[in-house]
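This structure is a prediction, so every number in the text was calculated from the model and none was measured. Atom set for the values below is all heavy atoms of this structure, side chains included, hydrogens, waters and symmetry mates excluded.
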Amino acid sequence: MANYTKFWKVWLRLNLLTKDVDNDYTAEVSTMKNSLRNEDIAQRIVDEGSEIKYDTLLSIINQHDRIIREAVADGYSVLTKTCQYIPRVTGTWIGSSAKFDPEKHKVTLDITLSSEMRESLSHIGVEVLEVKDSGARIGLVTDTATGLSDGTITPGDDIRIDGEKIRIAGDGAGIGVFFIDADGKEYPVTRRLTTNDPKCLLARVPSNLTDGQYTLRIVTRFSNTTTLLKEPRTIEYERLLTVGNGGGGSDRPEIE
């Protein structure tokens, strides 16, 4: 039995390339998080106990990336502990005297995993969540207190949730709108929804949310017909929502 130390959560989607098969699915990794940037990497190094200051670390990391870009531009293959960058030019060349034509040829890179990265991936297992309905989604969340749609929310005030098939329908303790913190603790919306339509919800953010980042989750049995789904559908916003400064306790600048 494989010794998995981490797990990727995946949604199953119907494989549209094999329409003649009704039970063929592909897996979609559920990242549920914003992309990490150099600022986040530097902060993680600080959090691990580095004696090097955050600003110095960030400068070094950015310099590291710049040197890789310059080396690749000079035609070098670059191998790091994460991956290898190999310069390549695509396109068809007619005749031995053919010249580079940007209309036909493209300068690009082949990126392959390093041995260290392949070893790391060998310890990752996969947890299947459920079949993901491609029609049901959360498209945008707006904080009505500030009018912002940048992922910030205000406890005790309403958020507007725009999407598809998001109307809350059905009974049961697991049905509703929830905010999930980094530890997996659920904070349900207990106030009656001001608006509860298939394309729009107005939900009151729980007042007891502390500074940090949260996953917005909708659980509903709503369908486009008068008949409810047999099993609840879970819809999660792909962007993390932030209360306060995100709980990082850092003086680092905001990432734009």
Side-chain angles (χ1 to χ4, degrees), residues 5-11 28-50 52-55 57-58 61 124 127 129-130 132 137-163 166 168 173-195 200-220 232-256:
T5 57
K6 294 182 181 295
F7 287 85
W8 286 351
K9 295 182 179 181
V10 301
W11 299 99
E28 173 190 320
V29 178
S30 175
T31 58
M32 302 303 178
K33 301 180 183 299
N34 299 326
S35 296
L36 291 182
R37 304 185 183 184
N38 283 350
E39 291 84 350
D40 304 292
I41 295 172
Q43 186 60 48
R44 287 194 174 198
I45 295 174
V46 170
D47 294 342
E48 287 185 354
S50 173
I52 302 176
K53 293 183 178 180
Y54 169 82
D55 290 341
L57 279 169
L58 181 57
I61 294 171
I124 297 176
E127 176 185 343
L129 297 173
E130 60 182 43
K132 187 173 186 179
R137 65 183 183 87
I138 299 172
L140 186 68
V141 174
T142 303
D143 185 350
T144 62
T146 63
L148 298 176
S149 301
D150 60 356
T152 57
I153 55 176
T154 305
D157 274 293
D158 288 348
I159 57 171
R160 176 188 173 99
I161 308 170
D162 292 293
I166 58 175
I168 304 302
I175 302 294
V177 180
F178 304 87
F179 294 84
I180 317 299
D181 67 14
D183 296 323
K185 182 178 179 180
E186 293 185 351
Y187 295 83
V189 172
T190 56
R191 187 178 183 271
R192 184 180 64 84
L193 299 174
T194 306
T195 300
C200 178
L201 301 180
L202 279 181
R204 179 64 52 86
V205 179
S207 59
N208 60 338
L209 294 190
T210 57
D211 286 5
Q213 293 187 307
Y214 298 83
T215 297
L216 174 64
R217 177 181 296 164
I218 292 175
V219 182
T220 179
R233 172 193 290 130
T234 299
I235 313 166
E236 293 189 341
Y237 193 32
E238 293 183 352
R239 182 176 191 175
L240 287 176
L241 301 178
T242 302
V243 173
N245 63 9
S250 169
D251 294 329
R252 60 183 174 138
E254 291 294 321
I255 303 172
E256 299 182 356

- Message: Nearest 0.5 angstrom please: L201 CG to D162 CG, how far?
- Response: 9.0 Å

- When rounded to the nearest 0.5 Å, the distance separating CD of E186 from OH of Y214 is 13.0 Å

- Any idea which heavy atoms bring P155 and V243 closest together, and the distance? CG-CG1, 3.6 Å

- Query: Are E48 and V46 side-chain neighbours, meaning at least one heavy-atom pair lies under 4.5 Å?
  - Reply: no

- I166 versus C200, closest heavy-atom pair with distance: CD1-N, 3.9 Å

- Query: Looking at CD of E236 and CZ of R217, how far apart are the two atoms once the value is rounded to the nearest 0.5 Å?
  - Reply: 4.0 Å

- Message: Can you tell me how far apart CD1 (I218) and CD1 (I138) are? Round to the nearest 0.5 Å.
- Response: 4.0 Å

- Task: Starting at CG of D40, measure out to CD1 of I45 and round the result to the nearest 0.5 Å.
- Result: 11.5 Å

- Message: Quick one, Y54 with Q43, criterion side chain to side chain contact (heavy atoms under 4.5 Å, CB included). Give me CA distance, side-chain angles, the key distance, then yes/no.
- Response: CA-CA 6 Å; Y54 169 82; Q43 186 60 48; 3.7 Å; yes

- List the steps and the verdict of side chain to side chain donor-acceptor pair (under 3.5 Å) for T152 and D143. CA-CA 7 Å; T152 57; D143 185 350; 4.9 Å; no

- Can you name the nearest heavy-atom pair linking D211 to G244, along with the distance? OD1-CA, 3.5 Å

- Item | Close side-chain approach of L202 to I159, heavy-atom, < 4.5 Å | no

- Task: State, yes or no, whether a side-chain contact exists between R239 and D150 at a heavy-atom distance under 4.5 Å.
- Result: yes

- Within a strict 4.5 Å, meaning less than it, do heavy atoms of the F179 and D181 side chains meet? no

- Message: Using every non-hydrogen atom in the two residues, find where F178 and I180 come nearest and quote the distance to one decimal.
- Response: CB-CD1, 3.9 Å

- Task: Flag the pair T220 / P232 as yes when at least one side-chain heavy-atom distance between them is below 4.5 Å, and no otherwise.
- Result: no

- Item | Minimum heavy-atom distance between P206 and V189, given as atom pair plus value | CD-CG2, 4.4 Å

- Message: Can you confirm whether I153 sits close enough to T242 that some side-chain heavy atom of one is under 4.5 Å from a side-chain heavy atom of the other?
- Response: no

- Distance, nearest 0.5 Å, that separates OG1 of T195 from CZ of R160: 7.5 Å

- Message: Taking the basic N atoms (NZ, or NE/NH1/NH2) and the acidic carboxylate oxygens, is any pair closer than 4.0 Å for R137 and E238?
- Response: no

- Item | Within-4.5 Å side-chain heavy-atom neighbours: T215 and Y237 | no

- Query: Do you see a donor-acceptor pair shorter than 3.5 Å between the side chains of S149 and T142?
  - Reply: yes

- Task: Let me know which of V205, L216, L209 forms a side-chain contact (heavy atoms from CB on, under 4.5 Å) with L241.
- Result: L216

